[in-house]
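Within every chain, numbering begins at 1; the chains are lettered A, B, ... in the order of the sequence lines, protein sequences first and strands thereafter. Computed from a prediction, not measured in an experiment: that's the story for all the values here.
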Protein chains: 2
Amino acid sequence: MNIRHLTFRLLQVYVAVVRAGSISEAASRLHLTQPTVSQQLKRLAETLGEPLLESRQGRLVPTEAGAELYRASREVLGRFDDFDDYLAALRGGERGRFSIALVNTAQYVLPRLLGPYSQAFPEVEVTVHIGNRRQMLTRFERQEDDLYVFSHPPSLAHALAGRFLRNPLVAVAPRGHPLAGRERIAMGELLEERWLLREPGSATRMLFESWLQEQGLTLGPTLQMASNEAIRVGVASGMGLAVLSEHVLPPQHPELVILPVEGLPIESHWQFIVRRDRRLSHAALGFLGFGAQRLEECVETRFLSNELPGLLLRLEEVQAAPSGLGSDP
Amino acid sequence: MNIRHLTFRLLQVYVAVVRAGSISEAASRLHLTQPTVSQQLKRLAETLGEPLLESRQGRLVPTEAGAELYRASREVLGRFDDFDDYLAALRGGERGRFSIALVNTAQYVLPRLLGPYSQAFPEVEVTVHIGNRRQMLTRFERQEDDLYVFSHPPSLAHALAGRFLRNPLVAVAPRGHPLAGRERIAMGELLEERWLLREPGSATRMLFESWLQEQGLTLGPTLQMASNEAIRVGVASGMGLAVLSEHVLPPQHPELVILPVEGLPIESHWQFIVRRDRRLSHAALGFLGFGAQRLEECVETRFLSNELPGLLLRLEEVQAAPSGLGSDP
DNA sequence: ATGCACTATAGATAACTATCTATGCATGCT
DNA sequence: AGCATGCATAGATAGTTATCTATAGTGCAT
């Protein structure tokens, strides 16, 4: 038999006939004329090289071969119905997978959004990659992920961005610091202190350094630690001062104080970055949609800055019809 | 998605592409040109409304939807390969089912053929119906079975016949019968004996009675029993005489003797009868073929009379191409 | 025997499919 | 920069399919 020209439609028609036990009846159920169904059947039987139905007491009954074809057809059609459901779930963003790459500092906050999302969409597999800004940039260049979180986005030539959270950088000092009570402090007064800095390649450090440059200031003694946590604990235990994202501080932080330095906090925003040239998975889109709607419930109001609806709109323009392949940059 | 125009061919092509990881490679494996495959893919993706493949480092890799389609396709194609095997087995007569209707007396002999056949083709389901000639005729009229075994076939207008076994009817008497030693006996001498007869509608009785009529004889006292076995035992225990198929007698029958009556044995043959208007199942054909080849090994040589090869030839002429339906008389 | 219900066949047509060759475009290696 | 490789698009064509209307044949029930 030549399977090539077998269509699913043909199987549907065949199944309908077996169920109806009559060609005419099947035809009317399928909204076709009787000769159409007769012919389809004939062609099917010829394709398979076996008669499929016999008339028995006025009712059409499958032959041995026909019965097996009926079984096969039902399985096959059922399998494709399942596939259809799967597709629907994919499209609805209820299922699938996406990966998201986070700049280190954002890991303190993103779970607030990811957690509720995963609860709502347990069938979606999310992969989270975390590293410093430089590492994330590499991933971005290589297009390894669906979504990226940066505070300062890289070139937006191939990407779209949407802010979703304020990320203020503040100066912190240990609780007993001499200037802790002051209403206003000039940065100049602090240059002789020892400063704890993140490693080069970190976004926090980059922001702090370019701020210093703007102010025309240069730090005195510094000490480098590759982790926000380590720095926070270091400051608390008197090793020095630091500029950190407010999100790094626990809600209660009795052993630390925020210094009211003039020009601080450095205002920045975390944003979701999406490559324009990579098709976004439905699941990732679903996640952004979830954020657009539910961000308010997930993060503290004072940090809120939800540009996600706008991002989604722009995405819709970019992501259009399906083609055989997703394009490759 | 519209499943209607989905062909198995399309799925085969898709599977080939996923396996090859490249359109060009798949095309060459399929002996198609690359644009052909490109287009098929495009159409497939459009039918399903989702992109199926992405280019990743020069290799085509399925998307989420594509991966699921690949799974579904393989299952579905596999299912139809199985179906194909099933068909092949059906065609080869290795599998399937048929039913055969036997005149009572034939049940002593047909198992000799059916037994070895079933051993050789254990996947074929055989149904055997047994009854007297009249009952079998009814089944024949109603076309309830694939094969029939008669000694005298009904009208052959709608049927083909092929002899396969001699069925001589002999007169039997109890061992001590006064005429048992004689070399030749005239039927006339036995008319006053009591005769045990099968019921009306039995073939054995019919043959005996028409033979008597030819001879211009009439029986004296008779006694009717609806079973060959009962009659054989009845004769052995002195209830009377009988005319029975030689096949009814066990190989050794010390308590019975065959009387050398003039004009006996009545010669008849069992034959397979096949309706011309009913498609014969491959399995039934296989059974006849088995008989044509192996009958010699299954029955005693003195009963042999194998016309089955001829019957098969005539059948081949009648049974032709497959049509959507088997025809209905 | 007459009619009803069902199936098969014929003939027509618009749409679609499979397949090709030729060509253009992007990517990545050297 | 240039070439090789691989994919996409365009245009052509023969063949196939889906579907219809009209009509003929068949078997069952009255």
Side-chain angles (χ1 to χ4, degrees), chain A residues 2-14 16-18 20-47 51-61 141-143 158 277-278 321-329, chain B residues 2-14 16-18 20-47 51-61 141-143 158 277-278 321-329:
Chain A
N2 199 355
I3 217 177
R4 284 161 156 251
H5 299 291
L6 214 49
T7 61
F8 280 58
R9 174 58 168 171
L10 221 41
L11 300 185
Q12 288 178 328
V13 169
Y14 175 68
V17 171
V18 172
S22 134
I23 292 187
S24 306
E25 173 60 21
S28 94
R29 285 192 202 165
L30 294 166
H31 306 295
L32 293 173
T33 61
Q34 166 267 313
T36 300
V37 176
S38 274
Q39 277 220 81
Q40 305 270 54
L41 267 190
K42 186 174 171 185
R43 196 159 61 80
L44 183 57
E46 276 163 5
T47 302
L52 301 171
L53 298 169
E54 299 180 309
S55 180
R56 282 241 162 282
Q57 299 146 235
R59 203 183 146 76
L60 290 183
V61 163
E141 295 302 337
R142 297 199 187 140
Q143 309 177 46
H158 305 107
D277 42 18
R278 190 187 200 286
S323 74
L325 302 197
S327 50
D328 206 354
Chain B
N2 198 354
I3 218 178
R4 285 161 155 251
H5 299 291
L6 215 48
T7 61
F8 280 59
R9 175 58 167 172
L10 222 42
L11 300 185
Q12 288 178 328
V13 169
Y14 176 66
V17 172
V18 171
S22 135
I23 291 187
S24 305
E25 173 59 22
S28 92
R29 285 191 202 167
L30 293 166
H31 305 295
L32 293 173
T33 61
Q34 166 266 313
T36 300
V37 176
S38 274
Q39 276 221 85
Q40 304 271 55
L41 268 189
K42 186 175 173 185
R43 196 159 61 81
L44 183 58
E46 276 164 5
T47 303
L52 301 171
L53 299 169
E54 299 180 310
S55 180
R56 281 240 164 284
Q57 299 145 232
R59 203 183 146 77
L60 290 184
V61 163
E141 296 304 336
R142 296 197 187 140
Q143 310 177 46
H158 304 107
D277 42 17
R278 189 189 203 285
S323 73
L325 301 197
S327 51
D328 206 351

For the student: nearest non-hydrogen atoms of [X] and [Y], plus distance:
{"X": "A/Ser22", "Y": "A/Leu60", "answer": "CA-CD1, 4.2 Å"}
{"X": "B/Ala26", "Y": "B/Ala20", "answer": "N-CB, 3.7 Å"}
{"X": "A/Ala16", "Y": "A/Leu30", "answer": "CB-CD1, 3.9 Å"}

Taking only side-chain N and O atoms of [X], does any of them lie within less than 4.0 angstrom of OP1 or OP2 on [N]?
{"X": "A/Ser22", "N": "C/dT7", "result": "yes"}
{"X": "A/Ser38", "N": "C/dT9", "result": "no"}
{"X": "A/Gln40", "N": "D/dA18", "result": "yes"}
{"X": "B/Lys42", "N": "D/dC7", "result": "no"}

Selection from [options] that lies nearest to any side-chain heavy atom of [X]:
{"X": "B/Leu60", "options": "D/dC7, D/dA18, C/dC20", "answer": "D/dC7"}
{"X": "A/Arg43", "options": "D/dC7, D/dA18, C/dT19", "answer": "D/dA18"}
{"X": "A/Pro35", "options": "C/dC20, C/dT7, D/dA22", "answer": "D/dA22"}
{"X": "B/Arg9", "options": "D/dC20, C/dT9, C/dT19", "answer": "C/dT19"}

**Report entry** Sugar-phosphate, base or nothing in reach of B/Ser24, heavy atoms under 4.0 Å
**Finding:** sugar-phosphate
Report summary line: 5'-most contact on DNA chain D (nearest-nucleotide basis), A/Thr36 vs A/His5, goes to A/His5
Query raised in the report: Is the backbone N or O of B/Leu32 less than 3.5 Å from a side-chain atom of B/Thr36, with the two atoms forming a donor-acceptor pair by type?
Result: no
Specify the separation, in whole Å, of atom [atom1] of [X] and atom [atom2] of [N].
{"X": "A/Glu46", "N": "D/dT17", "atom1": "CD", "atom2": "P", "value": "10 Å"}
{"X": "B/Leu41", "N": "C/dT19", "atom1": "CG", "atom2": "P", "value": "13 Å"}
{"X": "A/Glu54", "N": "C/dA8", "atom1": "CD", "atom2": "P", "value": "13 Å"}
{"X": "A/Ile23", "N": "D/dT26", "atom1": "CD1", "atom2": "C1'", "value": "14 Å"}
{"X": "A/Leu6", "N": "D/dT16", "atom1": "CG", "atom2": "P", "value": "16 Å"}
{"X": "A/Leu32", "N": "C/dT7", "atom1": "CG", "atom2": "C1'", "value": "16 Å"}
{"X": "B/Leu10", "N": "C/dT19", "atom1": "CG", "atom2": "P", "value": "10 Å"}
{"X": "A/Leu44", "N": "D/dT16", "atom1": "CG", "atom2": "P", "value": "17 Å"}

Query raised in the report: Between the side-chain atoms of B/Gln34 and the base atoms of D/dA8, is any donor-acceptor pair under 3.5 Å?
Result: yes
Report task. Kindly say whether, by distance alone, the side chain of B/Gln39 makes a donor-acceptor pair under 3.5 Å with the base of C/dT19? Result -> yes
Report task. Any chance you could measure A/Gln40, atom CD, to A/Thr7, atom OG1, to the nearest 0.5 Å? Result -> 7.0 Å
